[in-house]
Amino acid sequence: MIQIKTPAEIESMKAAGAISKLALRRVGAMIRPGVDTLDLDRVAESIIRMHRGTPAFKGYGGFPASICCSINEEIVHGIPSHNRILKDGDIVSIDTGAVYGGWVGDNAWTFFCGTPSEANKALCEVTRDCLKAGIEQAVPGNRLGDVGFAVQSLAESNGYGVVRDYVGHGVGHVMHEEPNVPNYGKKGRGVKLQAGMVIAIEPMITMGSYESHVKPNRWTVVTNDGGFAAHYENTIAVTEDGPVILTQDVEGPWCPMQGGTDDKQ
C-alpha cells in the first residue's frame, strides 16, 4: 500500500534527508586516488551518528556497511572494503541513507576520482540530467510512466542503457515502500502520482548494455558487458506546489553544526 504523507510529515522527513545529504557530501569530498573505501564508510557512519541519526543501510537485509560504494562497472550495492582502493580515472557511486525521527532519507551521487575520461564525464552528465528530468515529472496527476519515460528517453537518445532489474522506490518510515519507480516506461501509464507521495528517483545508466548480474558476494550488481555505470538519486516529495527534494541541506535543531563542501550536487 502506498503511504501518503501529510505536509507536516513531509517537513519532518527533511531532517533525515539533510543528514543523508551531509554524509554524502563529506564522503564525496574524500574521493581521490589511493583512498581506502572502508574509510569512506567509517566517515559516513560517524557523520550520521554525530547528527543523532542511524545509518539506514547497515544491517538492512544483512548489508554489512553504512554506504554503498560502487566503482566503474558496479551499478549499485558495492561493499566498502580495505581491499578496494580508489584509482585515478574511477567513477564512484556513493549511496547514503539515514534514519532520523523515524523517517528515512536516501540519496546517491557519482563522483570522479582524479581525472575522468571524456566518456565518463559524458555518462555522468547525462545521468544527472536524467535525474532532473525524472524529478520534473513528479507532480500530482502525472503517472510513474511519465517519470520513467523522461529518464529512459533522455538516456537512450544519448546512446546509453537504462537498468531494468533495479528501480527507485517509495520512502517513509522504512527505506523501501511502495511504489516501485522504474527508470523506464510509457507516458500516461502506471500509478497516478498524488500529493503526499514520497519517492526515491534514482537513474542507473550504463555505458553499454543495461543487462546486469549480482557478484558472488550476493550484493554488488555489475554490468554484464563490463561497461561503466552511473547512479544518481534524490528523495522527492510530490506536492501541490511541485516536486520537493527532501535530500538537501536544511538547518534545524537536529544539526549541532553545519558544514559542506565545494561540490556541485
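The model shown is predicted, which means the values in this text are computed figures rather than measured ones. Heads up: numbering here begins at 1 and tracks the sequence.
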For the [atom1] atom of [X] and the [atom2] atom of [Y], what is their distance to the nearest 0.5 Å?
X: Glu156; Y: Cys130; atom1: CD; atom2: SG; value: 9.5 Å
X: Leu246; Y: Lys14; atom1: CG; atom2: NZ; value: 7.0 Å
X: Thr247; Y: Ile236; atom1: OG1; atom2: CD1; value: 6.0 Å
X: Asn120; Y: Cys113; atom1: CG; atom2: SG; value: 11.5 Å
X: Thr220; Y: Ile71; atom1: OG1; atom2: CD1; value: 9.5 Å
X: Thr54; Y: Ile19; atom1: OG1; atom2: CD1; value: 9.0 Å

Is there a path of hydrophobic side-chain contacts, each under 4.5 Å between heavy atoms of I/L/V/M/F/W/Y residues, joining [Y] to [X]?
X: Val174; Y: Val104; value: no
X: Ile85; Y: Val92; value: no
X: Leu123; Y: Val126; value: yes
X: Met197; Y: Val151; value: no
X: Leu86; Y: Val43; value: yes

For [X] and [Y], which heavy atoms make the closest approach, and how far apart are they?
X: Asp36; Y: Ser81; result: OD1-O, 3.2 Å
X: Ala229; Y: Glu74; result: CB-O, 4.3 Å
X: Asn107; Y: Gly17; result: OD1-O, 4.4 Å
X: Thr127; Y: Ala230; result: OG1-CB, 3.5 Å
X: Pro55; Y: Ile48; result: N-CG2, 3.7 Å
X: Asp88; Y: Thr115; result: OD1-N, 2.9 Å

Margin query: Ring centroids only, cut at 6.0 angstrom: are Phe63 and His77 within range, meaning strictly under it?
Written below: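 Between His77 and Phe63, which both carry aromatic rings, the centre distance is not below 6.0 Å.
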Donor-acceptor pair, side chain of [X] and main chain of [Y], under 3.5 angstrom:
X: Tyr232; Y: Thr110; value: yes
X: Glu125; Y: Ala122; value: no
X: Asn158; Y: Tyr160; value: no
X: Ser20; Y: Thr96; value: yes
X: Asp41; Y: Ala65; value: no
X: Asn217; Y: Trp219; value: yes
X: Glu11; Y: Ala8; value: no
X: Arg32; Y: Met30; value: yes
X: Glu45; Y: Arg42; value: no

Item checked: Working for side-chain contact (heavy atoms from CB on, under 4.5 Å), residues Lys186 and Phe149 -> CA-CA 5 Å; Lys186 296 182 179 180; Phe149 178 82; 5.7 Å; no
Quick check: do [X] and [Y] have side-chain heavy atoms less than 4.5 Å from each other?
X: Cys68; Y: Val76; answer: no
X: Ile4; Y: Gln194; answer: yes
X: Asn183; Y: Gln152; answer: no
X: Glu177; Y: Ile2; answer: no
X: Ile91; Y: Phe228; answer: yes
X: Thr223; Y: Val163; answer: no
X: Pro33; Y: Lys87; answer: no
X: Cys124; Y: Arg128; answer: yes

Next item on the list: Decide yes or no on side-chain contact (heavy atoms from CB on, under 4.5 Å) for Trp109 and Ser93, but give the supporting numbers first.
Entry: CA-CA 6 Å; Trp109 204 261; Ser93 165; over 6 Å; no
Which donor-acceptor pairs under 3.5 Å do the side chains of residues 207-216 make with protein atoms, sequence neighbours left out?
residue	atom	partner	partner atom	Å
Ser209	OG	Glu211	N	3.1
Ser212	OG	Asp165	OD2	3.3
His213	ND1	Asn224	OD1	2.7

Margin query: Does Arg164 have more than 12 heavy atoms from other residues, nucleotides or ligands lying within 6.0 Å of its CZ?
Written below: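 Count over threshold, so yes.
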Margin query: What verdict does the side chain to side chain donor-acceptor pair (under 3.5 Å) test give for Asp90 and Asn72, after you've listed the backbone C-alpha separation in whole Å, the side-chain angles of each residue and the deciding distance to 0.1 Å?
Written below: CA-CA 6 Å; Asp90 286 342; Asn72 298 335; 2.9 Å; yes
Note to self: Tell me which one of Asn180, Thr235, Asp106 satisfies side chain to side chain donor-acceptor pair (under 3.5 Å) with His169.
What the structure shows: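 Per the side chain to side chain donor-acceptor pair (under 3.5 Å) rule, the option paired with His169 is Asp106, out of Asn180, Thr235, Asp106.
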Next item on the list: Take Ser66 and Phe57 through the side-chain contact (heavy atoms from CB on, under 4.5 Å) test and state the conclusion after the steps.
Entry: CA-CA 5 Å; Ser66 294; Phe57 300 168; 5.8 Å; no
Margin query: Between Lys121 and Glu118, does the salt bridge (charged side-chain N to carboxylate O under 4.0 Å, His left out) criterion hold? Intermediate values first, please.
Written below: CA-CA 5 Å; Lys121 286 197 292 185; Glu118 291 301 317; 3.0 Å; yes
Below 3.5 Å, can you tabulate the donor-acceptor pairs from side chains in residues 131-145 to any protein atom, sequence neighbours excluded?
residue	atom	partner	partner atom	Å
Gln137	OE1	Asn142	ND2	3.1
Asn142	ND2	Gln137	O	3.0
Arg143	NH1	Gly190	O	2.9

Next item on the list: Give the C-alpha distance, both sets of side-chain angles, the deciding distance and a yes or no for side-chain contact (heavy atoms from CB on, under 4.5 Å) between Val171 and Met13.
Entry: CA-CA 10 Å; Val171 182; Met13 293 185 72; 4.2 Å; yes
